[in-house]
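To start, the structure under review is shown below, and the notes come after it.
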Amino acid sequence: MSNSLKTANPAVVVRFAPSPTGYLHIGGARTALFNWLYARAKGGKFLLRIEDTDRARHTPEAVTAIIDGLKWLELDWDGEPFSQFANAERHREAAEAMLANGTAYKCYLSKDELDAMRTTAEAEKRRFIIDSPWRDRDPAQAPANTPFVVRLKSPTDGETLVADKAQGDVSFPNADLDDLILLRSDGSPTYNLAVVVDDHDMDVTHVVRGVDHLTNAARQSQIYQALGWDVPVWVHVPLIHGPDGAKLSKRHGALGIEAYRADGFLPEALRNYLVRLGWSHGDDEIIPTIQLIEWFDFDGVGKSPARFDVAKLTDLNGHYIRHADDAELVRRCRDIMELPEYEGGVALLAKLDAGVEEKLLASMPGLKERAKTLIALIDSAAYLFAERPLTFDKKADKLLDETAKADLKSLSDRLEALDTWTPEALEEAVRTFAEETDLKLGKIAQPLRAALTGTSVSPPVFDVMAVLGRDEALARLKDQSA
RNA sequence: GGUCCCUUCGUCUAGUGGUUAGGACGCCAGAUUUUCAUUCUGGAAACAGGAGUUCAAUUCUCCUAGGGAUCGCCA
């Protein structure tokens with residue numbers, strides 16, 4: 001990771017700054033998407049910064065998971081990812097500067113003392129605001145060899161305004177914003193300091209993140225002021241809740257983004273779904289990314305939280321699958337089979353030789369029309385992977401009764417004499433057969449489908465027969481002929 | 001509890017001081033169809049409650065209720 005924070009300073013610089021404590025969850029993904037969209041819409045830069053200041057909670061696996069998630073979602077960032085930890089020295093310098101200009105002070109209150117104060121305040125149902133005796137004490141009185149933290153000397157009266165593009169003007173009474181810690185007693189910088197220094201050094205122009213950071217914006221504004229720096233444009237977007245309206249937490253099915261990949265969702269569909277959670281453009285629902293980039297701006301961002309609805313995501317996914325390129329879908333099916341989460345994927349992969357792949361591609365127009373996820377698509381293509389003798393599901397089994405098998409026998413004899421093995425020729429032959437034997441087409445088509453695929457549902461049977469090829473199709477029919 | 005935010009069909013949302021309050025998903029019914037799906041048509045379904053401003057409020061103001069966020073030497 002890079003430690004050089006300076007950028008070319010274009011008009012718009014945004015960043016996605018996840019803390020690497022777990023996978024990339026759906027809310028983080030949307031925040032990243034909004035940032036990315038805005039940067040691409042405005043011709044700006046989209047930076048990635050890993051907030052790994054807390055060494056204890058930071059894991060390399062989480063960094064990998066986040067990066068993989070972003071890559072899969074196709075949200076490409078500019079330059080190398082930044083490591084916040086790598087910039088700790090700069091953060092300390094900023095704190096020193098604040099100490100020097102009197103906007104920060106050394107506080108010798110111990111953590112235990114503070115905890116005790118907090119507990120009593122809570123017990124007395126009093127709100128607890130840190131009021132350090134060291135705030136205005138002469139530094140000369142400082143005890144020797146005693147650990148201290150550096151705190152922000154934040155204003156005690158008046159209010160701090162956060163002029164937010166999504167939330168509007170929100171002001172906080174300064175009396176409620178206490179002297180937050182800038183540098184811990186071990187000299188390491190805390191989140192709020194690090195964010196301000198990094199965003200400033202990276203020339204970030206717009207800070208786009210979840211509303212859960214709104215009060216941080218007020219605190220950070222005070223740090224910016226103390227440092228004499230310009231405050232960036234704030235954009236705090238509403239949160240995404242679980243289907244039950246509660247906060248989307250790990251316990252509430254806040255799946256990592258990779259879970260959606262494993263479930264067979266397309267990144268384009270997920271982007272489309274996610275952007276509509278908290279952002280709108282009139283009545284538009286299906287918005288390809290290219291159009292999103294043209295339209296996206298913060299004036300379309302709402303304020304109320306949204307619930308995650310898989311049904312709608314699924315519908316959108318079906319749309320994107322239907323409209324996807326056939327070869328691309330084949331490639332994506334293969335990708336999914338390679339995923340360790342996909343049970344049976346290896347087995348399928350083993351069968352997916354050039355021949356099967358060709359059949360899969362040829363069947364794709366019929367297959368993709370019927371599937372809402374890649375997983376469902378692969379499942380529905382099982383008959384292409386199957387080897388004789390086929391196994392039959394319950395409905396197929398029922399379709400293949402004695403009369404059906406007898407019909408299949410005469411039909412397959414007829415088909416065997418056919419010179420051309422195309423869907424059209426096949427259909428004509430079967431229709432003629434149905435007419436001659438006084439059968440409704442469905443009466444013969446369903447057993448045919450069952451014999452060919454082992455199920456009662458498939459793309460049009462004549463297409464299935466054509467793709468399977470004369471020999472295989474006839475063999476499967478013979479297997480079920482009485 | 002303090003501070004801050006939110007509230008239009010079940011869900012995501014559009015919308016305006018005067019609309020039959022629109023769209024999408026889901027649901028129901030029908031059409032098309034060799035199955036399923038697609039597609040098409042139709043239907044049920046919402047302005048949280050109260051007060052005020054106004055000729056007129058879903059829209060503006062206030063209050064109430066409900067929901068959410070945040071209050072760490074976490075990020």
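Residue numbering restarts at 1 for every chain, and letters A, B, ... go by the order of the sequence lines.
Legend: residues meeting side chain to side chain donor-acceptor pair (under 3.5 Å) with Thr373(A), ordered by chain and number and at least two apart, are absent. For the ring pair (Phe, Tyr, Trp, His ring centres under 6.0 Å) test, residues two or more places apart in sequence or in another chain that qualify with Tyr108(A) are Trp134(A), Phe148(A). Scanning for side chain to side chain donor-acceptor pair (under 3.5 Å) contacts around Asp325(A) gives an empty result, with sequence neighbours left out. In this structure, the side chain to side chain donor-acceptor pair (under 3.5 Å) partners of His281(A), at least two apart in sequence or on a different chain, are Asp284(A). For Arg414(A), the salt bridge (Lys or Arg N to Asp or Glu O under 4.0 Å) partners at least two apart in sequence or on another chain are Glu436(A).
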Measure all distances between protein nitrogen or oxygen atoms and nitrogen or oxygen atoms of nucleotides 10-17 of chain B, and list the pairs falling under 3.5 Å.
from	atom 1	to	atom 2	distance (Å)
C12(B)	OP1	Arg307(A)	N	3.0
C12(B)	O2'	Arg276(A)	O	3.0
C12(B)	O2	Lys312(A)	NZ	3.3
U13(B)	OP1	Gly278(A)	N	2.6
U13(B)	O3'	Ser280(A)	OG	3.2
A14(B)	OP1	Ser280(A)	OG	2.7

Contact list (N/O, under 3.5 angstrom) for nucleotides 29-34 of chain B vs protein:
from	atom 1	to	atom 2	distance (Å)
U34(B)	OP1	Arg431(A)	NH2	3.2
U34(B)	O2	Arg449(A)	NH2	2.7

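Within the structure, every pair that satisfies the side chain to side chain donor-acceptor pair (under 3.5 Å) test and touches residues 297-306 of chain A, not counting sequence neighbours, is listed here: Lys42(A)-Asp297(A). Applying the side chain to side chain donor-acceptor pair (under 3.5 Å) test to residues at least two apart or on different chains, the pairs with a partner in residues 308-318 of chain A are Glu285(A)-Lys312(A). Within the structure, side chain to side chain donor-acceptor pair (under 3.5 Å) pairs that include any residue of residues 443-458 of chain A comprise Gln446(A)-Arg449(A), Arg449(A)-Ser458(A), Thr453(A)-Thr455(A) (at least two apart or interchain). Applying the salt bridge (charged side-chain N to carboxylate O under 4.0 Å, His left out) definition to pairs two or more places apart or across chains, those involving residues 368-380 of chain A are Asp326(A)-Lys368(A).
At a cut-off of 3.5 angstrom, counting only N and O atoms as typed in the model, there is no donor on one side facing an acceptor on the other between the side-chain of Asp52(A) and the base of A75(B). Interface remark: the Ser185(A) side chain does form a donor-acceptor pair with the C73(B) base, using a distance-only criterion of under 3.5 Å.
With C5(B), C4(B), C73(B) as the candidates, the nucleotide lying closest to the side chain of Lys303(A) is C5(B). Candidate nucleotides U3(B), C5(B), A75(B) were compared by shortest atom distance to the side chain of Gln167(A), and C5(B) ranks first.
Between Phe16(A) and Trp77(A), the ring center distance fails the sub-6.0 Å criterion.
Under the Watson-Crick and G-U wobble criteria, each requiring two contacts below 3.5 Å, nucleotide U7(B) is paired to A65(B). With a cut-off of 3.5 Å on both Watson-Crick or G-U wobble distances, the partner of C27(B) is given as G43(B).
Using a 4.0 Å heavy-atom criterion, one finds that Leu214(A) contacts the sugar-phosphate atoms exclusively. Residue contacts shown for Leu109(A) include a base, since a base heavy atom lies under 4.0 Å away.
Sparse packing is recorded around CD of Glu428(A), with 12 or fewer heavy atoms of other residues, nucleotides or ligands lying under 6.0 Å away.
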* Structure fact -> In B/S/- notation (B base, S sugar-phosphate only, - none; protein heavy atoms under 4.0 Å), nucleotides 38-48 of chain B written 5' to 3' is SS---------
